[in-house]
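The structure under discussion appears below in the form of structure tokens.
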Number of protein chains: 2
Amino acid sequence: MAKIRERNRELIIQAASEIFAAQGFAATKTVDIAEQAGLPKANVYYYFKSKKNLYRSVIVSVIEPLLQAATPFYQDDDPATVLEQYIRAKIRVSQQHPSASKVFASEIMHGAPHLPDDIAAQMMEQTRVSSHKIQSWIDRGLMDPVDPHHLLFTIWASTQTYADFDWQISRVTGKDKMTQRDYDIAADQLTRLILKGCGVQATQTSDA
Amino acid sequence: MAKIRERNRELIIQAASEIFAAQGFAATKTVDIAEQAGLPKANVYYYFKSKKNLYRSVIVSVIEPLLQAATPFYQDDDPATVLEQYIRAKIRVSQQHPSASKVFASEIMHGAPHLPDDIAAQMMEQTRVSSHKIQSWIDRGLMDPVDPHHLLFTIWASTQTYADFDWQISRVTGKDKMTQRDYDIAADQLTRLILKGCGVQATQTSDA
DNA sequence: GTCTATACTAGGATAGAC
DNA sequence: GTCTATCCTAGTATAGAC
């Protein structure tokens with residue numbers, strides 16, 4: 001039954017994402033992944049051959065939502081709209097895919113030794129498109145003359161922090177887990193900060 | 001000779017900071033630390049008893065510059081001055097102590113399992129003081145009514161990113177290493193973004 | 001296709017010579 | 001106080017029964 005195969009691979013990847021996110025690659029034991037997935041350890045090796053290989057599969061599986069967040073840059077050309085949608089999308093990723101975000105952060109922080117070239121290339125391409133778009137807004141006088149790259153770094157960092165550094169956030173706010181309302185406040189405030197900070201003219205935006 | 005003792009401990013801690021930062025705790029081999037420090041492995045155990053213990057010592061040793069960055073909040077009461085000085089101090093830490101920043105980021109990301117309580121307490125106390133000060137500026141109408149915690153999260157994230165995610169930054173900018181000028185640009189832009197974004201009135205600031 | 005039982009090795013830790 | 005040689009556990013990986 002190929003269905004079982006698919007299902008088990010899915011279970012293992014899901015379990016692995018969480019544990020890799022929580023502990024990091026090296027600290028993760030394949031036994032723990034197997035346990036979390038409710039399968040014997042040998043099964044993990046049967047499906048993925050090696051721990052490294054499984055890790056690569058996890059990376060590929062978590063990349064999707066991260067890349068997806070950049071779509072606003074491809075769908076619109078109004079700075080206020082795009083930046084707001086982008087920030088909200090990035091915060092949503094942190095909220096809904098915290099493990100993906102952490103696995104990635106850890107991978108990048110250690111110099112991306114396992115990141116497949118084509119994924120790295122896709123990320124670079126998105127960055128290129130986004131920063132060109134920002135530059136074009138600047139050229140058209142729609143916002144202050146900021147350095148597009150640094151603006152992106154700021155947005156990436158301050159949205160991902162809600163996933164990657166959740167421990168710290170939880171300590172500071174005194175809440176075990178952020179509520180939907182907390183994420184909304186974070187997104188609202190960051191949007192206002194960035195738009196106002198870059199001198200972007202407010203336009204009619206959807207109330208997402 | 002107690003001098004040798006001091007010197008060797010110093011060498012080991014220095015080497016360990018770099019390797020823990022680059023690889024993470026679990027992926028780091030004590031042999032590599034010993035090699036980097038130019039000492040035999042047993043020496044590392046002689047001085048630090050265990051890998052975990054060495055790691056804790058590293059954490060304590062790297063905390064100093066990180067805590068130091070918050071001094072502007074204790075020395076002044078003008079929002080433009082304090083925020084600018086704080087952002088510049090944080091960026092300087094990322095530039096001058098990238099390993100410290102990474103070790104910490106990694107520790108926090110994994111739920112701070114090794115962070116000594118007193119250090120965590122100091123960080124919380126600093127956060128408390130900083131956010132109270134921000135709130136007082138808001139109450140006095142010196143800046144927009146933002147959520148102080150979220151503002152701090154944004155500043156932390158976007159300054160630390162220059163150390164923690166240097167790989168990504170290097171890929172995007174196409175530069176192997178950021179120059180002094182690059183750090184200055186980053187600090188200038190982030191300062192302007194935050195001050196303007198929070199509606200802080202510009203005041204006479206030192207040209208640091 | 002699944003899993004139990006086992007082989008193999010890396011790497012943390014230490015005993016004991018100098 | 002220093003370091004060489006060795007121990008031993010933990011954890012990856014697999015052989016082979018079901």
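Quick note: numbers below take in every heavy atom, side chains included, and nothing from hydrogens, waters or symmetry partners. Proteins come first, then strands; the chains are lettered A, B, ... in the order of their sequence lines, and each starts at number 1.
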- Do the side chains of A/Y47 and A/L11 get nearer than 4.5 Å, heavy atoms only? no
Note: contacts of residues 43-51 of chain A with DNA chain D (heavy atom, under 4.0 Å) are A/Y45, A/K49, A/S50, A/K51
Practice problem: Check whether the side chains of A/E18 and A/Q14 place a donor and an acceptor atom closer than 3.5 Å, and report yes or no. | Solution: yes
Atom CG of A/L11 and atom P of C/dC3 are separated, to the nearest Å, by 12 Å
A/L54 CG to D/dA13 C1', in whole Å, measures 14 Å
Atom NZ of B/K41 and atom C1' of D/dC3 are separated, to the nearest Å, by 12 Å
Query raised in the report: Are A/D144 and A/K196 ion-paired here, with the side-chain N under 4.0 Å from a carboxylate O?
Result: no
Regarding A/E10 and A/R7, does a basic nitrogen lie under 4.0 Å from an acidic carboxylate oxygen?
no
On a heavy-atom basis, the closest approach of A/S61 and A/I13 is OG-CG2, 3.4 Å
Numerically ordered, the residues 18-35 of chain A set in heavy-atom contact under 4.0 Å with DNA chain D is A/T28, A/K29, A/T30
Charged N to carboxylate O below 4.0 Å: is that the case for B/K177 and B/D182? no
Separation of D/dC3 atom C1' from B/L39 atom CG, nearest Å, is 10 Å
From CZ of A/R9 across to C1' of C/dT2 the rounded distance in Å is 16 Å
* Is A/D188 salt-bridged to A/R88, going by a charged N under 4.0 Å from an acidic O? -> yes
Testing C/dC3, C/dG12, D/dT4 for proximity to the side chain of B/A42, the answer is D/dT4
Q: Run the ring-centre check on B/Y162 versus A/H150 and record whether the distance is less than 6.0 Å.
A: yes
